[in-house]
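Please read the structure below before turning to the comments.
Note that the structure is a prediction, hence the values are computed from the model and not measured. The figures here come from the full heavy-atom set of this structure, side chains too, leaving out hydrogens, waters and symmetry mates. Protein chains get the first letters and strands the later ones, always in sequence-line order, with residue 1 at the start of each.
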Amino acid sequence: MIELGVPNSRLILAAEQTIYMVFVSLGIGTLIAVLLSVVLVLTNPGGILKNKYIYVVVNTVVNVIRSIPFIILMVFILPLTKMIVGTRIGTTAALVPLVVFIAPYLTRLFENSILEVNKGIIEAAQAMGASYFEIVRYFLLPEARGSLILSVTTGTIGLIGATAMAGAIGAGGVGNLALTYGYERLNFPLMLFTVVILIVFVQSIQTVGNYFSTKVRKH
Amino acid sequence: MIELGVPNSRLILAAEQTIYMVFVSLGIGTLIAVLLSVVLVLTNPGGILKNKYIYVVVNTVVNVIRSIPFIILMVFILPLTKMIVGTRIGTTAALVPLVVFIAPYLTRLFENSILEVNKGIIEAAQAMGASYFEIVRYFLLPEARGSLILSVTTGTIGLIGATAMAGAIGAGGVGNLALTYGYERLNFPLMLFTVVILIVFVQSIQTVGNYFSTKVRKH
Amino acid sequence: GGDDTGSAKKEITYSKSQGPYSELFEKGIKPILEKKGYKVTGKDMSDLLQADVALNEGEVDFNVEQHTAYMENFNKKQNGHLVALTPIPTVPAGIYAGSKSSLDQISDGAKVAVPNDAANTARCYALLQKVGWIKLNPEKDLSTVTQQDIIENPHHIQFTEMKSLNIPAVRGDFDFIVITGSIVYNANIDPSTALATEDILPHLLLQLVVLDKNKDAQWAKDIVSAYHSDEFKKYMGEHNNGLWYIPKDNQ
Amino acid sequence: MINFVNISKTFTVKRQKIKALQHVSLQISDGDIFGVIGFSGAGKSTLLRMVNALEIPTEGRMEVDGRDINALDFSELRKVRKKIGMIFQEFNLLESKSVYDNVAIPLILNHVDKKLIQKRVTELLSFVELSDKALAYPSQLSGGQKQRIGIARALANNPSILLCDEATSALDPETTESILQLLKRINKKLNITILIVTHEIHVIQSICNRVAVMEHGSVVETGTVLEVFSNPQQNMTKRFVQTVIPDEIPPSIVETLHDDVRNYRLLKIRFLGNNAKRNIVYYINTHYKVETNILFASVNELQQTVLGIFIVQVIGDDSEINQVISYIERNKIQWQEVVL
Amino acid sequence: MINFVNISKTFTVKRQKIKALQHVSLQISDGDIFGVIGFSGAGKSTLLRMVNALEIPTEGRMEVDGRDINALDFSELRKVRKKIGMIFQEFNLLESKSVYDNVAIPLILNHVDKKLIQKRVTELLSFVELSDKALAYPSQLSGGQKQRIGIARALANNPSILLCDEATSALDPETTESILQLLKRINKKLNITILIVTHEIHVIQSICNRVAVMEHGSVVETGTVLEVFSNPQQNMTKRFVQTVIPDEIPPSIVETLHDDVRNYRLLKIRFLGNNAKRNIVYYINTHYKVETNILFASVNELQQTVLGIFIVQVIGDDSEINQVISYIERNKIQWQEVVL
Ligand SMILES: Nc1ncnc2c1ncn2[C@@H]1O[C@H](COP(=O)(O)OP(=O)(O)OP(=O)(O)O)[C@@H](O)[C@H]1O
Ligand SMILES: Nc1ncnc2c1ncn2[C@@H]1O[C@H](COP(=O)(O)OP(=O)(O)OP(=O)(O)O)[C@@H](O)[C@H]1O
Ligand SMILES: [Mg+2]
Ligand SMILES: [Mg+2]
């Protein structure tokens, strides 16, 4: 085996950290994103709950967050991080900026997916007397799910990229290992190895995403 | 006025650099992404030009590139950069990694958008004897355009984030200004100011994107 | 840039970062060079590795951002041909207060922040060894040690390696922080509040670095002499508030 | 009671105003099966969509059970909508859900017990003869099968008003007939009000009791089906009625007539109700000195009333022919002369 | 020539095999207007989609103009497809394109000159009476308007084969008739072959020369329209034909008969062609000692041939009635006894 310059335990820890960060922030981020994207779709000028103010506010908040480079975002929200998880550093602390990063990103992707749902389906829902929540729950989300799954996939991969930078607040993870111990220390074997781990991650996520999306789109 | 610590000319230059990087790499990246996403959609297991090999290759290439943290990506492709633009540093050199970054990203977004096109439309195209190129040109892309526009919007905003990191190879730009002169120097007024510029950028792009997408989706 | 080593070369470029070294160069050295008729251009390169690649490729002429240890590592791994011409004033790393305000408050399980950037992690572990909190593997080169090389950690200190720039912002989350001078400088921390300061190893002194084949170029010599000039010494005398460690050559 | 009060609807396409509905007033009583016919683009769907507020009138007032549907707040509107089933012209099935789930969804929205849902869906699927497709997805169905799922879905909740937008357009006559009979049964049994928009006049013929005829966004004729069908007033109504109750001599017979040099007149005779049961033709043949030839005939039953239309060539002296005509008139049978 | 050679198609849904087509063999000659009818789900659309290889048979051979369409390479297939126009059951219009562009697209694909495109599209839109909707988008059209755009689009390229999948299902009878007449004209003028899949038998009645009847994926009856309509063999064909050419006594008349105590027989008489032009009823009334009552009658024309169906109550002595029957038989008129 090639000498990587870091012990295996370190690699395993990094992998665990990445998985932890990705899944927890993805989970929370997805929930927020579903909420926000639904709000955007419902309140937009062509939506069934047209509301200029809410739309503009959510749209702007999403844009503002999306505008801030992730590394700066992390610093900006340190106080928030402290408030929520009690510390500003480490893997758990990284969850806060990661969520703040991924939620508006997924919001945009989901918004696009949900907007593709056929207007006729929404009319069917309205005709059945569905509440707004029910329209979303039983009609919009299920009909968009093939596209939503791919959006989550795309988002997850973006999130892995962000976790690499979360090393800046001591979050660890494979991406950070690649950057600091691999890239910055010019440890090319490690860099390649960690990138390969990332590729395996991404490829698996994409494969799973494609599988479910295709399965669901078949009908 | 608040003291920003950098001259106005510097800010203007940075803005110019960002615009230059975003638009050039977006233009080239979009072309590549349209190509790749169309290849993915046509050759995928449910596609009309089903081809396992091409699909797996393109899909994997896209995933591999998407897996690599941008900063590492930049280093990996330095030789390519040198070959294409003759230099490895500066704004123009940054275009190469930016294109390599944005193209597979947009590919995923476009793929998702194009997959949403109603199967019946594709059948109509086939029944008319359209070639694969014509199916794409006259049916898939026009029918997906509302979603494609939003995808470009989302991609553009992701691209702005990447330009910030392109400062590592001396590309300049507003994001880099925010990171280096603002964040690294802990120059908060500048950081805020540059972030505001970024927000204005993003908000404008999103507004334009939403406008055209809604306009097109109305029918 | 370019590789023309002719004595006629008056336009020189360097890669520039947002740290004290570039700034010191701009304020203390550049005016001297300009008086000699040089046109000096800085190119913003926020990443030292990229800056070295650019230097190695001849896209810029020199930089003043690294110590010998880093440069040698670069030469080894990247097939580089960089040489150090002269040490320059360097800002030493220091231990600063986190939530604890003096070294003897070190307690079991204390939290300590350490920079995660390659150029500085080792320096900080060396400093921690100097104050007696840890013991490093004596067989390893002090300038490249990592966390794995700690062989004794009697206080069970929990190290958090993170981007050093962010450390000042989260000072309160640690008991102590270890940061390099450039961070102290950027964060406007008073260097005199350091609880301990590193003994700068010769290997860790910042250097004027150029490409091997340019080491005898007239412009290179002129930069070296500027760093050694009285004018610069005077400047340092007026502007050093305790931040800078000044190598003997420059004193 | 569904009450359209002076309803107008204008769409704007590229600055061009399209008057889809113009001052429509109509009343549909509880228990009616009310049919609306009209040419493509007449505004039928737009009219129907007013009832559950999928379309909002630009002018006028839409009343359902006495309440202005467009003045209701959303939760009240939802309550009203839950009592209205709708079959869409373009089905609007959920592609992501199986046939079973598509039919179940109105029940799920009504928080019906799972067991009951299963019972009801099974029942509905067997009504529309698609029990074997329960697990299929809409994209795996034929056009008519999709439509039947749409019908089952609309009936799931036992609505008190049923809106049918071309509910049988994709169905063959036999399936259409069985669906219509099903609707009729439901109408009888549960006294639900059914509003049917269609271009298939035989649908109206077969189950509606009242009908409105639309043209260019306006209602041009309205009344009971028998009134309108047996005696259409507007030209377009006549044309519509002709397609189910034709009343013209086939072209190849017309040709033969051109060579006929005898003295004759062509009488179009409408037998309605009891008149249709009497042997008028026999009587004429045996009591008058005329020769007759039936050139065209159609017999239909509308709402338990027989309507027979005959075109008879009556050959003979003018005076004899006139006697035949007065015989017809004496018997209060409608007739008119056909001029070729 | 369109030649279905022993074609089968099986779909698999959740491991369940659905035999949409089972050993179908059919030949459609150039210039035919060939109709396919059958209940919803019979396999009509699947059959039609074989012709331009939108569906690939699991078994059998699909020949178009003598070539196996599934053996062609893609560029040859495209050439064949360009000569085949198709009207889809679900329209499949491009939502992103205006009505004008939707109709223009086959022409654009054929690299037709811009000026010519404009001329042709304008012409087609006026054919389908939608000239005023040129700038509208599909979502702004009524169901029937969408279908008409689909028709215009299919005709744009002057195809030599036209596939119509329920091409008039969303149209009112008058628009249907005018579209059918248009198809007939094109068929005559350009000798194009038209394959019409429909559940509306009157469409077949009105323009087809040949017809196939499908049930459960198989062709159960085929022949000229006149053969099949005047003398349907299969039960389901009879049921279909009845819906356009009814041949039953209206229920309310049947009731009256129950109270009729006289000696009578009910004869269902079919007049075909020239027989229909003769005054048979008059002859009976004036030459035999029977009383007659026409209980039901319908007269239709199929392919320039008149088909009249009368149900006549013949009242009198058995011997007289028998004479009437032999008179009918002498004249080679089909009859059968109706038993209530
Ligand atoms: N959303 C819309 N935007 C613009 N015009 C519309 C819209 N919906 C309907 N129209 C127009 O309004 C008129 C009436 O349409 P409607 O759908 O009510 O007709 P319809 O009687 O149901 O016809 P069909 O029998 O063809 O379904 C048509 O001319 C149609 O083009
Ligand atoms: N893609 C598919 N997957 C599975 N089953 C299918 C698919 N397409 C059609 N079928 C089934 O094949 C049978 C024939 O369908 P087809 O669409 O040919 O019927 P049809 O005669 O056109 O009916 P309709 O008059 O209702 O349009 C149906 O039972 C249908 O459910
Ligand atoms: Mg309609
Ligand atoms: Mg069909």
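Residue B:L179 holds its CG atom at 11.5 Å from CG of C:D44, rounded to the nearest 0.5 Å. For the atom pair CE of B:M165 and CG of C:D47, the computed distance is 11.5 Å after rounding to the nearest 0.5 Å.
Counted by atom type alone, B:Y183 and C:N186 present zero donor-acceptor pairs between their side chains at under 3.5 Å.
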Starting from the C-alpha separation in whole Å, work towards a yes-or-no answer on side-chain contact (heavy atoms from CB on, under 4.5 Å) for B:V75 and C:V53.
CA-CA 9 Å; B:V75 185; C:V53 171; 5.8 Å; no

Give the intermediate values and the outcome of side-chain contact (heavy atoms from CB on, under 4.5 Å) for residues C:Q50 and B:R88.
CA-CA 9 Å; C:Q50 301 297 338; B:R88 284 179 239 220; over 6 Å; no

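More than 12 heavy atoms of other residues, nucleotides or ligands shown are found within 6.0 angstrom of OH on C:Y235. Atom NZ of C:K77 sits in a crowded spot, with more than 12 heavy atoms from other residues, nucleotides or ligands closer than 6.0 Å.
Residues B:I169 and C:M45 approach most closely at C-SD, 3.6 Å, considering heavy atoms.
For B:L78, the part lying under 4.5 angstrom from a heavy atom of chain C is the side chain only. For B:N176, the part lying near chain C is the side chain, with the backbone staying farther off; criterion is any non-hydrogen pair under 4.5 Å.
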